[in-house]
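Here is how names work: the chains are called A, B, and so on, in the same order as the sequence lines, proteins then strands, and each is numbered from 1.
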Amino acid sequence: MENNKSTLTFSQALKLYTGNSIQKFVLKSVPVTFLAYMATLVCFHILLGLENGIAAAHKEITESLISDMFMMMDCTIGIAIIMTLTFEKRLPGGKFFRTTKGGFDTYKKMRAALSIAIITLVVLYISAVYIVNAVGIFPLSNGFGSCVSTAIFLILAVGINNFAYMIKNDVARSLTNLFVFFVFGIIGILSAEVVDGSLGIFHLIMAIMTVGVVPISHKLMLENYRKNRWDN
Amino acid sequence: MKNAIEIKGIKKKYKDFTLGEIHAEIPCGFATALIGANGAGKTTLIDVLCGVTGKTSGEAVYFGELTEIDSDTLRNKIGYCSSANFFPMDWTLKIIANSMELGFDNFDRTKFAELCRRFKLDEPTAKKQKKLIKLSDGNKMRTYLAAVLARDTELLVLDEPGSSLDPLARDLLCDLFREYLSERDGERSILFSTHNIADMENATDYAIFMANGQVIEQGFVEDLKEKYILVHGDSENADKAKPFMLSCTVNKTSFEGIAFAENADMLRAFDTATEVPTLQQLSVGILRKAEEDGE
């Protein structure tokens with residue numbers, strides 16, 4: 001079969017499939033995820049504050065891992081929403097996408113664009129959370145270390161979840177995605193807690209592993225998708 | 001005669017259904033109807049021809065020379081539209097236009113806006129736009145058709161384009177078929193599937209009948225109308241006429257069915273009347289025969 005090269009850019013491929021360019025995708029997802037984080041913490045302050053007052057609630061939240069956990073959970077939900085985007089033949093638009101120029105190459109570019117959007121979302125969102133922490137509004141228990149560790153493990157989870165794309169059942173795949181994100185997210189937070197936020201060799205190894213796992217799993221996922229679902 | 005598509009032994013195997021081997025021709029310059037009951041294999045064949053589904057074996061030759069459906073040359077020449085959910089349901093006309101422009105080299109926004117007006121849809125440039133999910137099935141199909149017809153293609157392949165349209169929209173679709181074909185006389189072709197040919201009869205030049213994953217008959221409508229006759233008579237003569245007929249429906253007082261034209265003289269001897277069948281009557285007769293043979 002002829003390998004048809006797509007002339008579209010990553011961002012154009014994403015726009016063809018979703019109606020949004022990478023920039024628009026990030027501009028929509030980062031503020032929503034960040035606002036969800038802020039709203040969760042505000043709600044938690046109110047709930048705990050009803051009993052002991054806002055100051056006590058604030059102390060309890062910032063001295064425990066609550067802010068760190070919410071940072072991870074809201075980010076996980078943001079990523080999971082993007083990762084549930086599927087373009088199967090049986091779903092609306094699925095047949096249309098298979099007839100557009102570039103064919104599978106355009107699909108590959110769109111998938112790469114989605115990965116770029118997800119990684120950008122994690123980096124920008126966690127940077128925003130760090131700023132909120134740094135200015136003292138909602139301090140994290142392990143500050144910068146917690147942010148970096150969570151980002152590394154969530155991006156690694158994106159790579160691991162690329163393997164989950166090989167699961168055909170939608171429900172099983174979504175549940176696996178969420179499970180992997182939460183497990184990796186919790187490891188990220190706890191590993192920062194263990195070293196009191198001073199990241200070391202373990203996190204360096206994990207960061208290097210992430211750089212390798214994400215592109216390899218992405219490539220394997222695409223090969224499997226083409227063989228089992230695109231051409232079938 | 002030049003063919004828009006020549007289908008040479010295409011086969012597609014699923015766990016519970018096998019299409020083909022299909023041998024058929026889609027003549028260039030005409031509108032071809034793919035007629036068959038639900039589950040006959042029309043959608044599978046269309047999907048294979050448009051590269052939406054891979055084939056198990058066989059080959060299709062497009063425009064006399066091209067065989068690689070996964071090439072942009074062919075993708076740009078073929079305007080494909082599925083029967084339902086062609087676009088994501090949260091899309092609006094504006095997003096559709098943006099996506100079509102990125103997905104094909106020959107999408108014309110001005111023509112899309114004009115077709116939206118003809119199909120009585122909203123303006124694609126309007127600020128407030130409805131998502132597809134909020135449209136009726138008929139308006140969804142109008143949107144899909146406006147999008148695919150706004151491309152400068154050489155072959156339209158439409159899966160059940162008339163099934164969800166009201167009679168007026170179906171009439172407009174027939175007009176658009178004629179306009180599409182006459183814009184470049186003899187160079188453009190249409191292939192559309194249907195299980196109810198009555199409303200699209202005026203727009204059909206060539207017919208391919210499918211049953212149980214096989215092509216059971218094909219030809220120009222005018223030729224088919226010479227090949228077959230519609231026979232009817234009193235029910236008391238039904239038993240005598242039946243052996244010479246392809247398919248027959250008998251009620252208390254009369255019978256009606258399709259027979260080969262070569263049996264016309266024989267059938268008239270049983271006090272029957274014969275006439276030229278409509279495409280709808282032909283379809284019922286031919287498909288019923290296939291159904292009986294399959295049982």
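Applying the 6.0 Å contact sphere to NZ of K111(B) captures more than 12 heavy atoms from other residues, nucleotides or ligands. Within a 6.0 Å sphere centred on CZ of F144(A), heavy atoms belonging to other residues, nucleotides or ligands number 12 at most. With a 6.0 Å radius and a threshold of 12 heavy atoms from other residues, nucleotides or ligands, K89(A) has its NZ atom above the threshold. Counting non-hydrogen atoms of other residues, nucleotides and ligands closer than 6.0 Å to CZ of F179(A) gives a total of 12 or fewer.
Considering all non-hydrogen atoms of both residues, Y17(A) and W91(B) come closest at O-CZ2, 3.4 Å. Closest of all the heavy-atom pairs between L102(B) and K101(A) is O-CE, 3.2 Å.
Proximity to chain A is limited to the side chain of Y80(B), based on heavy atoms less than 4.5 angstrom apart. Residue T53(B) touches chain A through both its backbone and its side chain, counting heavy-atom pairs closer than 4.5 Å. Using a 4.5 Å cut-off between heavy atoms, D47(B) contacts chain A through its side chain alone, with no backbone atom that close. Residue contact with chain A, scored on non-hydrogen atoms closer than 4.5 Å, involves the side chain of K12(B) exclusively.
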request  = Evaluate the criterion side-chain contact (heavy atoms from CB on, under 4.5 Å) for residue pair I46(B) and K95(A); output intermediate values, then yes/no.
outcome  = CA-CA 11 Å; I46(B) 282 180; K95(A) 289 188 175 183; over 6 Å; no
task = Let me see the working for L91(A) and N85(B) under side-chain contact (heavy atoms from CB on, under 4.5 Å), right down to the final yes or no.
result = CA-CA 7 Å; L91(A) 297 175; N85(B) 299 333; over 6 Å; no
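A salt bridge does not link R75(B) with D105(A): every distance from a Lys NZ or Arg NE/NH1/NH2 to an Asp or Glu carboxylate oxygen is 4.0 Å or more.
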